[in-house]
Amino acid sequence: FRRAYLQALKRIAEEAMWSGDVNPVCDANYAALSANGVAAYSPADLESWISLRRTYILSQLGAYEAPFAVSNNGGADFSTNRNGIVLQGTAPLGVKTLLINGSAYTPTWNSTSNWSVRVVLVSGSNTLSIVGLDADGNPVGGASDSINVVFTGPDESPAGNLVINEIMYSPTNEGAQFVEIVNLSATAA
C-alpha cells in the first residue's frame, strides 16, 4: 500500500502540480474574475505555494527511489536445476508492471522498491530481458535490465503432472464455482 501511495503522490506532483498546467488555469480564472468586476486576489501566492509543495513532495520521494536492477545472484548470470524461478529486483516508483521478454507481469512488491516475479524457464539458456512500465504501459526511462539463466534440467511434459484436484460445480453462493489444478512435479513449475 505504501508503494501505491507514493506512486500517487509522485504522479500528482509530476503532473497535476506542474506549474505549466497549474499557473495558466489560475491566471485564466483570475483574469475572468477581474474582467467581470470581481475583486479577486492575484493567484501568485497560490502558484508559489503549489510550486513549493511540489518541490517538497518530490524531495521526500527521493528517499524511496531505487535504481532498476535484477538482484538474483547479484545480477550475474546463473544456472539452476529448476524450471521455475522467482526473479527479484528493485525498481523506481514510476514502475507499475514488468515486461519480461515481451510478456507483461504484475510483480509482487515486497517493499517500496523491491519486486519479485515467478518465471518459467525452458531447458538450456534463457535470456530474460526485463523492462519496467509505468501506469500507462509506457517504458520508464532507465528501467531495464537483463539476465541469462541456464536451466540444466529437461523440459517436462505436463501429462501426468497436472491433475484436477477439486471441483466446485454447484455452489450455494453464486459465482463461487472453481476448479483447482495441482502440479505434482517436484521440479517443473
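Predicted model only: the values in this text are computed from it and were never measured.
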**Prompt:** Passes side-chain contact (heavy atoms from CB on, under 4.5 Å), Ile57 versus Lys10? Steps please.
**Reply:** CA-CA 8 Å; Ile57 290 169; Lys10 182 175 178 136; over 6 Å; no
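- In this structure the side chain of Leu87 reaches within 4.5 angstrom of the side chain of Ile85, judged on heavy atoms.
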**Item:** Test log, rule side-chain contact (heavy atoms from CB on, under 4.5 Å), inputs Val149 and Thr80
**Value:** CA-CA 7 Å; Val149 182; Thr80 181; 4.0 Å; yes
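- Looking at Thr90, its side chain never comes within 3.5 Å of a backbone N or O of Asn114 through a donor-acceptor pair.
- Between Arg11 and Asp136, at least one side-chain N (NZ, or NE/NH1/NH2) sits under 4.0 Å from a carboxylate O, which counts as a salt bridge.
- Rounding to the nearest 0.5 angstrom, the gap separating the NZ atom in Lys96 from the CG atom in Leu133 is 12.0 Å.
- Looking at Phe68 and Ile130, their side chains come closer than 4.5 Å, going by heavy atoms from C-beta outward.
- Under a hydrophobic-cluster definition in which Ile, Leu, Val, Met, Phe, Trp and Tyr are linked whenever side-chain heavy atoms come within less than 4.5 Å, directly or via other members, Phe178 and Ile181 are assigned to different clusters.
- Nearest heavy-atom pair across Ala69 and Trp115 is O-CZ2, 3.8 Å.
- Summarising the geometry of Ser116 relative to Asn110, their closest heavy-atom pair is OG-ND2, 3.4 Å, with the distance given to 0.1 Å.
- No single ILVMFWY cluster, assembled from side-chain heavy atoms under 4.5 Å apart, contains both Val140 and Leu9.
- No donor-acceptor pair under 3.5 Å is formed between the side chain of Arg118 and the backbone N or O of Val86.
- Hydrophobic clustering, with ILVMFWY side chains joined whenever heavy atoms are under 4.5 angstrom apart, groups Ile12 together with Leu93.
- Taken to the nearest 0.5 Å, the CG atom of Leu99 stands 11.0 Å off from the OG atom of Ser144.
- Asn173 places no side-chain N or O within donor-acceptor distance of the main-chain N or O of Ala176, the cut-off being under 3.5 Å.
- The structure places CD1 of Ile147 at 10.0 Å from OG1 of Thr127, a figure rounded to the nearest 0.5 Å.
- Of the possible polar contacts, none joining the Thr112 side chain to the Arg3 backbone as a donor-acceptor pair under 3.5 Å is found.
- Within the model, atoms CG of Asp21 and CD1 of Ile50 stand 11.0 Å from one another, a figure rounded to the nearest 0.5 Å.
- The nearest pair of heavy atoms linking Phe151 to Asn83 is CE1-N, 3.4 Å.
- Using a 4.5 Å heavy-atom cutoff, the side chains of Leu98 and Val117 are in contact.
- No single ILVMFWY cluster, assembled from side-chain heavy atoms under 4.5 Å apart, contains both Leu46 and Tyr30.
- Annotation for Asn73 and Asp77: closest pair ND2-O, 3.0 Å, computed over non-hydrogen atoms.
- Between the CD atom in Gln177 and the OG atom in Ser170 there is a gap of 9.0 Å [rounded to 0.5 Å].
- Between Gln7 and Val95, the shortest heavy-atom distance links the atoms NE2-O, 2.9 Å.
- Judged by distance alone, with hydrogens and angles left aside, the side-chain atoms of Thr55 form a donor-acceptor pair with the main-chain N or O of Ser51 at under 3.5 Å.
- Across every non-hydrogen atom of Thr152 and Asn81, the tightest pair is OG1-CA, 3.4 Å.
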**Asked** Between Gln88 and Asn72, does a side-chain hydrogen bond (donor to acceptor under 3.5 Å, both in side chains) hold up when you go through it step by step?
**Response** CA-CA 6 Å; Gln88 298 175 327; Asn72 294 70; 4.9 Å; no
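- Both Trp109 and Ile100 are assigned to one and the same hydrophobic cluster, defined by single-linkage of ILVMFWY side chains at heavy-atom distances under 4.5 Å.
- The shortest distance between side-chain heavy atoms of Leu128 and Ser146 does not fall below 4.5 Å.
- Annotation: the span from Leu52 atom CG to Met17 atom CE amounts to 9.5 Å, rounded to 0.5 Å.
- No donor-acceptor pair closer than 3.5 Å links the side chain of Asn165 to the backbone N or O of Val182.
- The neighbour count for Tyr56 OH, taken as heavy atoms of other residues, nucleotides or ligands under 6.0 Å away, does not exceed 12.
- Leu61 is listed as a side-chain neighbour of Leu6, based on a closest heavy-atom distance under 4.5 Å.
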